[in-house]
Number of protein chains: 2
Amino acid sequence: MQNRVLLVEDDDELRELLARYLSGQGFTVREAANGKDGLTLALGQHCDIVVLDIMLPDISGLEVLRELRSQTHLPVVLLTARGDETDRIVGFEVGADDYIPKPCNPRELVARLHAILRRVAWDQKAGVKAEQNYGDLRLESDHRRIYQNDEPLDLTATEYEILQVLLAHAGSVVRKTDLMQWALGRRLEAFDRTLDMHISNLRKKLGSDDPPRIETVRGLGYSYRVVE
Amino acid sequence: MQNRVLLVEDDDELRELLARYLSGQGFTVREAANGKDGLTLALGQHCDIVVLDIMLPDISGLEVLRELRSQTHLPVVLLTARGDETDRIVGFEVGADDYIPKPCNPRELVARLHAILRRVAWDQKAGVKAEQNYGDLRLESDHRRIYQNDEPLDLTATEYEILQVLLAHAGSVVRKTDLMQWALGRRLEAFDRTLDMHISNLRKKLGSDDPPRIETVRGLGYSYRVVE
DNA sequence: AATGCTATGTAAAGGTTCTGCAAAGGAACC
DNA sequence: GGTTCCTTTGCAGAACCTTTACATAGCATT
């Protein structure tokens, strides 16, 4: 099958060079020359992986990545100036899957893309079920809304994110660090009780069950138990 | 709990340096100084990710990786000499998830490990329901729960870790030092009775059998005997 | 058998860490 | 200024890990 890659890079020459090489290697390539277009394409078009330059004329690549991460888990490879360690580490913390220093060797880029796609394919082999019902809850991701017995829950943006992540992993434990990263988009620092508060508020809004449907796994995180 | 990383590196100094740093960053670290040991430990399934040097005294890191890939999809990060492009690309082709040139920046290593683990954790959501049976016990690793005759055991985090290790080695003896390292994530010091206490509590929760299903091997460790 | 040393079992106490939640502070938006 | 929401702060309570202390069991030596 053809993998679809989105190339976000403002240097026309480099972009076209890479695009040509990737095409030759069996990728379907889409291109964007700035952050805004890149974001639109990434969110709209269907692609499997994004190659994202950090230095862009309009929005920073990191900003694009952050925005992307707030909505999807599309794999992203960052292109950074060689040796710029700060960008690189910040990039990983925001949620990049890999980074490549410029100027980059196209063969290496392809190898890395394949490594990431291989992992994603492997992990998803169980099949992505777009099922959006979890017992008495129904998730409508288009509208960013969650219904309980067809009654919409009045959730804040963050609460929605958290519950959405918990539902996506319903039945398994989600670590606090991961929940923080995926829902709040930042790292869990010591003494940060934000997450606990959101969970507390969520529990209130979900009504009281016994045992509570958002279960605490002490020292680890939380787990959503599906209730009919 | 903590992420467990296996460090396969023959340079004692570098290995210990990295081990110390990773421990400080919240990883539980296991070490191997050659490919053979590394392979054994990696297949012993007590880690979440492997950091693998390519240059090893016995088997090449690539060979270890190939062998590992034939049996599991455990995430692997390769350590290679800087600039050695061949190794790097071959590494990806064999199935590495990432590579880092030596000498490497520990912070970057940690950032990369987190990036990979984050993706793995996310993708494993609805994935393979890891469920294993050991007589009347059933281990559900998603939930981090162990059932006895379909009744969930009320275990603490540490108790779960310990029992999980014992089950994985059911029928054979697990040394106390190893049990300590794998389940508690630290070294067994003299006069430390913590482990004994956890075993004692576990036995209570598992009910009384004669002989006890967690058998003591005096001077060595413990062994779980499967009971139907 | 008796002795002594060491390893293990376990109750109880101690202390640390984690969590729940109310309330107050801030930031962003209108 | 008001509203809404996210975050911080503080405290109380719970859950848990570890230590302590003593009893017991295994093993080697005498």
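Hydrogens, waters and symmetry mates play no part in the numbers below; they use all other heavy atoms, side chains included. Convention: sequence-line order gives letters A, B, ...; per-chain numbering from 1.
- Not counting sequence neighbours, the partners of B:S172 by the side chain to side chain contact (heavy atoms under 4.5 Å, CB included) test are B:H169.
- Within the 4.0 angstrom heavy-atom criterion, only backbone atoms of the sugar-phosphate kind lie near A:L184; the bases stay farther away.
- The interatomic distance linking B:L188 (CG) with D:dC17 (C1') rounds to 15 Å, in whole Å.
- We find that CZ of B:R203 is positioned 16 Å from C1' of C:dA11, with the value rounded to whole Å.
- Applying the side-chain hydrogen bond (donor to acceptor under 3.5 Å, both in side chains) test to B:N149 and every residue at least two apart in sequence or in another chain returns nothing.
- Partners of B:D97 according to the salt bridge (charged side-chain N to carboxylate O under 4.0 Å, His left out) rule, which considers only residues two or more places apart in sequence or in another chain, are A:R119, B:R69.
- Looking at heavy-atom distances under 4.0 Å, A:T158 makes contact with sugar-phosphate atoms alone, never a base.
- Each end of the helix from C:dA1-D:dT30 to C:dC30-D:dG1 yields a helix axis from five base pairs, and these two axes differ in direction by 30° (to the nearest 10 degrees).
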Check the interface with nucleotides 22-26 of chain C: list each N/O to N/O pair with the protein under 3.5 Å, or write none.
unit_1: C:dA22; atom_1: OP2; unit_2: A:K204; atom_2: NZ; d: 3.4

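- Side-chain N/O atoms of A:Y160 include none lying less than 4.0 angstrom from OP1 or OP2 on D:dC5.
- B:K176 has no side-chain polar atom (N or O) that falls below the 4.0 Å cut-off from OP1 or OP2 of C:dA7.
- Counting all heavy atoms, side chain and backbone alike, B:K205 lies closest to B:Q148 at O-OE1, 4.1 Å.
- As a whole-Å value, the separation of A:F191 CZ from D:dC11 P is 15 Å.
- Partners of B:H198 according to the ring pair (Phe, Tyr, Trp, His ring centres under 6.0 Å) rule, which considers only residues two or more places apart in sequence or in another chain, do not exist here.
- In this entry the distance linking CE of A:M180 with C1' of D:dC6 reads 10 Å, nearest Å.
- The side-chain hydrogen bond (donor to acceptor under 3.5 Å, both in side chains) test applied to A:N34 returns A:D37, not counting sequence neighbours.
- At a threshold of 4.5 Å between non-hydrogen side-chain atoms, the residues A:V51 and A:L113 count as touching.
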Acceptor/donor pairs from residues 15-22 of chain B side chains to any protein atom, 3.5 angstrom cut, sequence neighbours excluded:
unit_1: B:R15; atom_1: NE; unit_2: B:E31; atom_2: OE1; d: 3.0
unit_1: B:R15; atom_1: NH1; unit_2: B:E9; atom_2: O; d: 2.9
unit_1: B:R15; atom_1: NH1; unit_2: B:D12; atom_2: OD1; d: 3.1
unit_1: B:R15; atom_1: NH2; unit_2: B:D12; atom_2: OD1; d: 3.3

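- The distance from atom CG of A:D196 to atom P of D:dC6 is 15 Å, rounded to the nearest whole Å.
- With rounding to whole Å, B:I162 atom CD1 is found 8 Å from D:dC17 atom P.
- Contact annotation: B:Y222 does not reach the phosphate of C:dA7 (side-chain N/O to OP1 or OP2, under 4.0 Å).
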Requested in this report: Determine, stepwise, if the pair A:R138 / A:D150 fulfils salt bridge (charged side-chain N to carboxylate O under 4.0 Å, His left out).
Outcome: CA-CA 8 Å; A:R138 189 175 79 248; A:D150 296 324; 2.6 Å; yes

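- In terms of phosphate contacts, B:T216 brings a side-chain nitrogen or oxygen within less than 4.0 Å of OP1 or OP2 of C:dG9.
- If you take NE2 of B:H198 and C1' of C:dT10, they are 14 Å apart, rounded to a whole angstrom.
- Atom NZ in B:K205 sits roughly 17 Å away from atom C1' in C:dG9 (whole-Å rounding).
- Partners of B:N201 by side chain to side chain contact (heavy atoms under 4.5 Å, CB included), not counting sequence neighbours, listed by chain and number: B:E159, B:M197, B:K204.
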Below 3.5 Å, can you tabulate the donor-acceptor pairs from side chains in residues 218-228 of chain B to any protein atom, sequence neighbours excluded?
unit_1: B:Y224; atom_1: OH; unit_2: B:R213; atom_2: NH1; d: 2.9
unit_1: B:R225; atom_1: NE; unit_2: B:E215; atom_2: OE2; d: 3.0
unit_1: B:R225; atom_1: NH2; unit_2: B:P211; atom_2: O; d: 2.3

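- Minimum atom distance to the side chain of A:D192 is reached by D:dT8, of the listed D:dT19, D:dT8, C:dT8.
- For residues 169-180 of chain B, the set of pairs meeting the salt bridge (charged side-chain N to carboxylate O under 4.0 Å, His left out) definition, not counting sequence neighbours, comprises B:K176-B:D196.
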Return the polar atom pairs (N/O with N/O) between nucleotides 12-15 of chain D and the protein under 3.5 Å, or none.
unit_1: D:dA15; atom_1: N3; unit_2: A:R218; atom_2: NH2; d: 3.1

